[in-house]
Amino acid sequence: MLAAIVLRRSLMTIVTLFGVAIVVFLLLRVAPGDPIAMMISPGAGPDDVAALRARYGLDAPPLIQFWIWLHGILMGDFGTSISLRLDVLSLLAERLPATLELSGLALALGVFLGGAIAVIATLLRRSFVAGLIDAVNGLLLAVPDFVWALAFVLVLGVLIPVLPLSGRIDPALETTFVTRFYLVENLVSGRLALAGDILRHMAMPSLALALPLAAVIARILKEALAEAMQQDYVLLARVKGFSELRLVLGEALRNAVGPTLALTGVQFTFLIGGTVIVERIFSYPGIGNMAIDAVINRDLPLIQGLVLVFGLMFLVVNLVIDLAVVALNPKLRHG
Amino acid sequence: MRALVGDPKVVCAGGFLLLLALVAILAPLVAPHDPLEQDLMLATVPPAGFSGADPAHLLGTDGLGRDVLSRLIFGSRIALTVALVAAAIAALAGTLLGLLAGYFGGIIDALVSRLVEIWMAFPPVLLSILVVAILGSGIHSVIVAIAIIDWTRFARVVRADTMAQAEMDYVTAARTMGFARAAILFGEILPNVTPLLMALVSLEMGIAVIVEAILSFVGLSVSSDTPTWGGMIAEGRQIIHQAWWVFAAPLVALFLTVLAFNQLGEGLRRALDPVMRR
């Protein structure tokens, strides 16, 4: 049963990605300006233009053009970046691990913080602290990642300089790495000093990305917990003399996680979108930062590759969340 | 209405935004200096209260000796213009489609609903990148990008509210009295959807202020000779170790404005929500 749902959801993901590909293809072709004119080097003759036109299939009818384009994408040929003069696929492969590590850490932080706020608010729901927690969470809900990131730069990077302001690793420490997953590689190989430095660089951007997610999780999980605390099984456990902490963590939380995940799913994708501007603020060498340069330089092949990669990330996150919701819901699991 | 006036958050937020709007409109009168006037002899003067401050420059000066307060005041014009125009266009398009879908149902509803679904599946950041990549940078692209992305917020909510309103007695009464469909839709239902719409517009304006700040921060909004909060933050970032206030002042302005739009919107929504009102 679960396998069937996984299969169906995966197929839907592929269909949606195909839709994204069509939209990207269409949008980039209605963009004003001849893409070839932006690609040719100064001094190229009309023959060179015609050759490039044929190379990208731009002299063919639109449907054929789309086929040529799609075939190239499926074969891993994303074209050559106009501004960087490098293969788009290898550029993406070089930068993507940095973004994956950053968003992974931010997701973990957001879930942990949001969960912690909700659990604490539930435990202290009858004390004066409850109002304070609500006020803090209201602030977290209102302020976006962009503003958090800038506030961290000012407070933790400049006024009380405790964290590095930019980059992924201290240039003085940079040694050779086997992979592009710096954090994972150094944690696995036990080079903790290096891993620590990388984490310090990731602290501000990942926290800025995590806070809006944490706020939404906190609000929805708190409501779900409040409802779960009224259920018979919790009352029964209370009669048995379970501690309040055990009631919340052991009984209520288990049943509140599924509905919370279903309602907060879209927020996880917002976090990935947020990497674009947050990476920019901290000069973090990921694909988000690269996307802004690509737009400024009107580098269409690179933009196209980036949009597809971001689209894929969004869809994978959605897929994982949908599957987790199913896995956590006993009714759906056996239904 | 009484619930609104009694809500201190709404009163504070509304008051702040009213003041901001006044300052933006009267910018040439209230700004102490020309926001573009440079004076390299007076570069990076700290704000009042810090040693070396100049009483003529309350919030200090930037790296080119321009008055930070005056730039902040003129920057509010761009922020509020984008917020107002983008939110209005998104609201107009979204409301129209939402009204039609909610009232007529059937094929119109199916079309609009499907369109909204497809739109929502497309991540907003990618959409804004694509729109700006296609249209080029500038304030018009920023406005178009926000409207193109966010009309769905209005369409979804207005559609649901219209469906609920269409069931009510006053609509049935209007229909029995032989009112034309357009008259019912725009004369009867729309006024009843409007309060909810106001809450959404306020929230949307907060989003628009942020999007404009982001795009001007990365240099994709108006040209750099017009002061914008995002542009000021980007310039302040360059000299943040020498003159942190150039960075801090527009950041605080941005923070307060976004918070105010958000609190006003949430307050309006709370006041309208019958469950919360009790």
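Quick note: numbers below take in every heavy atom, side chains included, and nothing from hydrogens, waters or symmetry partners.
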Next on the checklist: Below 4.5 Å, heavy-atom pairs only: which of A/L141, A/L165, A/D299 has the largest tally toward chain B?
Outcome noted: A/L165
Checklist entry - Considering only heavy atoms, which portion of B/I214 lies under 4.5 Å from any heavy atom of chain A: side chain, backbone, both, or neither? => result both
Checklist entry - Given the options B/V258, B/L203, B/I210, which has more heavy-atom pairs under 4.5 Å with chain A than any of the others? => result B/I210
Checklist entry - What's the spacing between A/F146 CZ and B/I233 CD1 if we round to 0.5 Å? => result 5.0 Å
Checklist entry - Considering only heavy atoms, which portion of B/F217 lies under 4.5 Å from any heavy atom of chain A: side chain, backbone, both, or neither? => result side chain
Item to check | Nearest-0.5 Å distance that lies between atom CG in A/L154 and atom CD1 in B/I240 | outcome: 5.5 Å
Checklist outcome for this item: Okay, A/I281 and chain B: the region with an atom under 4.5 Å from a heavy atom over there is both
Next on the checklist: Would you say that A/I277 contacts B/V218 through its side chain, given a criterion of any heavy-atom pair below 4.5 Å between the two side chains?
Outcome noted: yes
Checklist entry - A/V153, A/V143, A/L150: which one forms the most heavy-atom pairs within less than 4.5 Å of chain B? => result A/L150
Checklist outcome for this item: Heavy-atom nearest pair, A/G157 first then B/H241, reads O-CE1, 4.4 Å
Checklist entry - By a 4.5 Å heavy-atom criterion (distance strictly below it), what part of B/A213 contacts chain A: side chain, backbone, both, or neither? => result both
Next on the checklist: Restricting to non-hydrogen atoms, name the atom on A/A142 and the atom on B/L259 that form the minimum distance, rounded to 0.1 Å.
Outcome noted: CB-CD1, 3.5 Å
Item to check | Side-chain heavy-atom pair A/L139, B/F255 within 4.5 angstrom cut-off | outcome: yes
